[in-house]
Amino acid sequence: MNSPKKVSAFSAQVYALCRRIPQGRITTYKELARALGKKGQVYRAIGHVLRENPFAPEVPCHRVINSSGAVGGFRGKTNGKEVQEKIKLLEKEGIRIINGKVNLQKYLFRF
DNA sequence: CTCTTGACCGACG
DNA sequence: CCGTCGGCCAAGA
């Protein structure tokens with residue numbers, strides 16, 4: 001039995017899309033925002049939502065990175081050990097990370 | 001309801 | 001490549 005958390009409709013969409021991400025693949029905040037059909041700074045809101053992951057590890061928020069190829073942040077840290085752990089997890093899934101950056105043209109998954 | 005901050009992105013110099 | 005500014009959504013205090 002699951003423990004359904006009460007989240008806003010917007011947050012539910014973000015979590016739902018994260019679950020769609022196949023293993024060995026990553027996506028960006030911008031692609032998520034574009035998939036939601038919103039325009040503007042939706043990616044900022046996504047970052048706030050993913051910061052708290054009530055569906056972890058069912059929702060692999062660590063597969064969501066920046067459009068710049070940077071891993072971004074993890075557990076609320078934009079730059080720290082948590083981010084290093086995130087990188088390690090991605091490498092474990094078969095993603096090659098160079099200098100803390102991911103090859104978007106190779107691993108970027110689009111909805 | 002109002003204000004601030006944020007796991008961001010893109011353009012400019 | 002790096003620093004700075006603008007953008008205008010969402011959640012918390």
Side-chain angles (χ1 to χ4, degrees):
Chain A
M1 179 61 179
N2 272 350
S3 305
K5 296 272 185 173
K6 298 176 182 174
V7 292
S8 302
F10 184 79
S11 306
Q13 291 291 324
V14 177
Y15 296 133
L17 288 172
C18 286
R19 290 171 65 187
R20 282 190 187 179
I21 307 174
Q23 189 175 41
R25 224 54 131 196
I26 51 92
T27 191
T28 64
Y29 296 101
K30 190 183 174 184
E31 286 297 311
L32 282 170
R34 196 165 278 185
L36 292 175
K38 307 281 186 178
K39 55 180 176 179
Q41 317 176 240
V42 193
Y43 17 80
R44 302 177 81 170
I46 293 174
H48 258 210
V49 171
L50 287 183
R51 187 179 178 200
E52 295 270 309
N53 190 7
F55 293 95
E58 188 177 271
V59 177
C61 52
H62 60 267
R63 285 183 197 151
V64 185
I65 63 174
N66 298 6
S67 296
S68 315
V71 193
F74 194 54
R75 269 192 84 178
K77 301 297 180 178
T78 55
N79 195 12
K81 291 183 184 176
E82 311 301 283
V83 183
Q84 303 300 323
E85 293 290 298
K86 179 177 178 180
I87 295 175
K88 211 168 189 176
L89 285 168
L90 291 173
E91 288 187 306
K92 215 174 198 175
E93 300 199 347
I95 300 178
R96 193 66 170 185
I97 301 181
I98 310 294
N99 197 11
K101 308 242 174 146
V102 183
N103 208 344
L104 289 176
Q105 47 186 334
K106 185 175 182 183
Y107 295 109
L108 178 57
F109 170 74
R110 299 183 184 178
F111 299 95

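A note on names: the letters A, B, ... follow the listed sequences, proteins ahead of strands, and every chain is numbered from 1.
Counting only residues at least two apart or in different chains, ring-ring contact (aromatic ring centres under 6.0 Å, His included) contacts with residues 5-46 of chain A comprise A:Tyr15-A:Phe55. The list of salt bridge (charged side-chain N to carboxylate O under 4.0 Å, His left out) pairs with a residue in residues 20-34 of chain A, not counting sequence neighbours, is empty. Legend: salt bridge (charged side-chain N to carboxylate O under 4.0 Å, His left out) pairs involving residues 43-56 of chain A, not counting sequence neighbours: none detected. Within the structure, no pair that satisfies the ring-ring contact (aromatic ring centres under 6.0 Å, His included) test touches residues 69-106 of chain A, not counting sequence neighbours.
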Which pairs would a plain distance check flag for residues 100-111 of chain A, meaning a side-chain donor or acceptor within less than 3.5 Å of a matching protein atom at least two apart in sequence or in another chain?
{"from": "A:Asn103", "atom 1": "OD1", "to": "A:Gln105", "atom 2": "NE2", "distance (Å)": "3.3"}
{"from": "A:Tyr107", "atom 1": "OH", "to": "A:Arg96", "atom 2": "N", "distance (Å)": "3.3"}

Just distance, no hydrogens or angles: give the donor-acceptor pairs under 3.5 Å from side chains in residues 77-87 of chain A, sequence neighbours left out.
{"from": "A:Glu82", "atom 1": "OE1", "to": "A:Arg75", "atom 2": "NH1", "distance (Å)": "3.4"}
{"from": "A:Lys86", "atom 1": "NZ", "to": "A:Val64", "atom 2": "O", "distance (Å)": "3.1"}
{"from": "A:Lys86", "atom 1": "NZ", "to": "A:Val71", "atom 2": "O", "distance (Å)": "2.9"}
{"from": "A:Lys86", "atom 1": "NZ", "to": "A:Gly73", "atom 2": "O", "distance (Å)": "2.9"}

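Across every non-hydrogen atom of A:Ile46 and A:Ala33, the tightest pair is CD1-N, 3.7 Å. When all heavy atoms of A:Asn66 and A:Gly72 are compared, the closest pair comes out as OD1-CA, 3.6 Å.
The span of DNA chain C lying next to chain A, judged by atoms under 4.0 Å from heavy atoms, is bounded 5' to 3' by C:dG7 to C:dA11.
For residues 89-107 of chain A, proximity to DNA chain B is found at no residue, defined as any non-hydrogen atom under 4.0 angstrom from a strand atom.
Residues forming a side chain to side chain contact (heavy atoms under 4.5 Å, CB included) with A:Arg63 (at least two apart in sequence, or on another chain): A:Ile21, A:Gln23, A:Ile26, A:Pro60, A:Leu90, A:Glu93.
To the nearest 0.5 Å, atom CD of residue A:Glu58 and atom SG of residue A:Cys18 are 11.5 Å apart.
In this structure, A:Val49 and A:Val7 have side chains that are not in contact, with every pair of non-hydrogen atoms separated by 4.5 Å or more.
In the hydrophobic clustering of ILVMFWY residues, with side-chain heavy atoms under 4.5 Å counting as a link, A:Val59 and A:Val42 come out together.
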Protein within reach of the bases, or only the backbone? For nucleotides 7-13 of chain B, mark each nucleotide 5' to 3' as B, S or -, using heavy atoms under 4.0 Å.
BBSS---

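Remark: DNA chain C forms stems of 3 or more consecutive Watson-Crick or G-U wobble pairs, all pair distances under 3.5 Å, at B:2-6 with C:9-13, B:8-13 with C:2-7.
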